[in-house]
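Note on naming: letters A, B, ... go to the chains in the order of the sequence lines (proteins, then strands), and numbering restarts at 1 for each one. Only a predicted model underlies this, so the values are computations on that prediction, with no experimental measurement involved.
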Number of protein chains: 2
Amino acid sequence: MTASAARADGRPSPRKRAGNGAASRDVTDDVGLDALAGHAGYAVRRFQIWIFQDFIKTLGEVDIRPTQYSVLTVVGANPGLSQMAVAKRLGIERARLVHLLDSLEQRKLVKRIKSRKDRRSHALHLTAQGETALAKFKRLAAEHERHVEAKIGRANRAHLLRILAGFT
Amino acid sequence: MTASAARADGRPSPRKRAGNGAASRDVTDDVGLDALAGHAGYAVRRFQIWIFQDFIKTLGEVDIRPTQYSVLTVVGANPGLSQMAVAKRLGIERARLVHLLDSLEQRKLVKRIKSRKDRRSHALHLTAQGETALAKFKRLAAEHERHVEAKIGRANRAHLLRILAGFT
DNA sequence: GGCAATTGTTGTCGTCAACAACAATCTTTC
DNA sequence: GAAAGATTGTTGTTGACGACAACAATTGCC
């Protein structure tokens, strides 16, 4: 895999010569992108955008976005966590989590309970409504995962998860 | 419904299921996250954040962000493209590309040349300065790619690129 | 020639990461 | 036990980014 290193030296092979102004046709369909093909970040970025859009669409009927889903899942699996703990675990800032929880609490899905052991912190719990809602969200999320499988293939998805297991 | 894990797929879950309670002092280190472990989107998201941060840091000395790099690369490989063509190819909005190009043009890396064949559009070119700068950016980007290899392994990175080739 | 479509541009809105500051509350240290 | 320092939740700001809408200039189509 040469990636960009091999082409950094001189003029590579500009396959698609788009000469001056000759772009009036349908060049947009066929723009050489060789230089980006070897960049993991670019591929991952495009893939992540696709995945999130499918997730948002698939969970659209319940109006749950990926970040909200991750919060609900973590709180559901670990009731009583503090906001700090959840933020750290999900890699989001506690400042951001505040708004997330404001929204989720307003929708009666989670509740903040003042901890008596550390009166600075809030113990997070799902409401009863939140539990049943999360069950439905998980079904929809599983459907979304099937879309991913359909897109990149079952084996590839499994391999992808294994490769990226260290980041979860 | 206990909502403890996504049992949709009967994964044996050999992972780190933290014994509950034992971590009441430093919960942050060991929060059960099994429910998210099977979600491709979450892993990809975290990975993408890691990749971008490393890219931004590695290209920090030249102050080039991933999106800027992708624009420069495409324009460098396909001189004369219109803004619309670049935007379409990179999957960004032309409205957004305007600001990107404003910045890059201000830094004398690219130039907008009014096309005489279609006086609505601009033909995009790298400046001479932009060409040499891009060469350096590509060397740094290659270094970044080596960081990725070091993180997930050479073979895994190659496989990842193959899996996601359809999204580039 | 007239009307629809395209291109670049400007603007708004909402999401998200990164900081900074703050009050309330632990925790440490003397 | 009190002062000093750290932590938690909160508010606010900044900037990158995606999605949309509107607009003038220009082009293509009929």
| remark: 5'-most contact on DNA chain D (nearest-nucleotide basis), B:R94 vs A:R112, goes to A:R112
| With ring centroids as reference points, do B:H39 and A:F55 lie under 6.0 angstrom apart? | no
| Nearest-Å distance for atom pair CG/P, residues B:L100 and D:dG15 | 16 Å
| said: Can you work out whether B:R120 or B:H99 has the more 5'-proximal nearest nucleotide on DNA chain C? | reply: B:R120
| request: Select base, sugar-phosphate, or nothing to describe what A:R96 touches, counting heavy atoms under 4.0 Å on all strands. | output: sugar-phosphate
| field | Side-chain (A:T73) to main-chain (B:L36) donor-acceptor, under 3.5 angstrom | value | no
| field | Atom-to-atom span, CZ of A:R116 to P of C:dT25 - whole angstrom | value | 15 Å
| request: If the plane angle is over 60° it's perpendicular, under 30° parallel, otherwise tilted; pick one for A:H144 and A:H147. | output: perpendicular
| query | Between atom CZ in A:F55 and atom C1' in C:dT15, what is the gap in whole Å? | reply | 15 Å
| Gap between atoms CD1 and C1', on B:I56 and D:dA16 respectively (whole Å) | 9 Å
| message | Please pick, from D:dG9, D:dT26, D:dC17, the nucleotide with the shortest atom-to-atom distance to any side-chain atom of B:T67. | response | D:dC17
| said: Of the listed nucleotides (D:dA21, D:dT11, C:dC16), which one gets closest to any side-chain atom of A:D102? | reply: D:dT11
| message | Expressed as a whole number of angstroms, how long is the span from A:Q48:CD to D:dG18:P? | response | 10 Å
| Which of the following nucleotides, D:dG9, C:dT9, C:dT7, is nearest to the side chain of B:M84? | C:dT7
| query | How long is the line joining CG of B:L90 and C1' of D:dA19, in whole Å? | reply | 17 Å
| said: Taking any heavy-atom pair under 4.0 Å as a contact, classify B:Q53: base, sugar-phosphate, or nothing. | reply: sugar-phosphate
| message | If you assign each of B:I92 and A:S121 to its closest nucleotide in DNA chain D, which residue comes earlier from the 5' end? | response | A:S121
| Just how far, in rounded Å, is C1' of C:dT7 from CG of B:L81? | 14 Å
| note | Separation of D:dA16 atom P from B:E93 atom CD, nearest Å, is 17 Å
| message | Counting only side-chain nitrogens and oxygens, does B:Q83 get under 4.0 Å of the OP1 or OP2 atom of C:dT6? | response | no
| task | Among D:dG18, C:dA17, D:dT10, find the nucleotide with the atom closest to the side chain of B:R45. | result | C:dA17
| query | Heavy atoms, side chains only, cut-off 4.5 Å: are A:L59 and A:R65 in contact? | reply | no
| query | CD1 of A:I64 to CZ of A:F137: how many Å apart, nearest 0.5 Å? | reply | 4.0 Å
| query | A:R119 near the nucleic acid: base, sugar-phosphate alone, or nothing, with a heavy-atom cut-off under 4.0 Å? | reply | sugar-phosphate
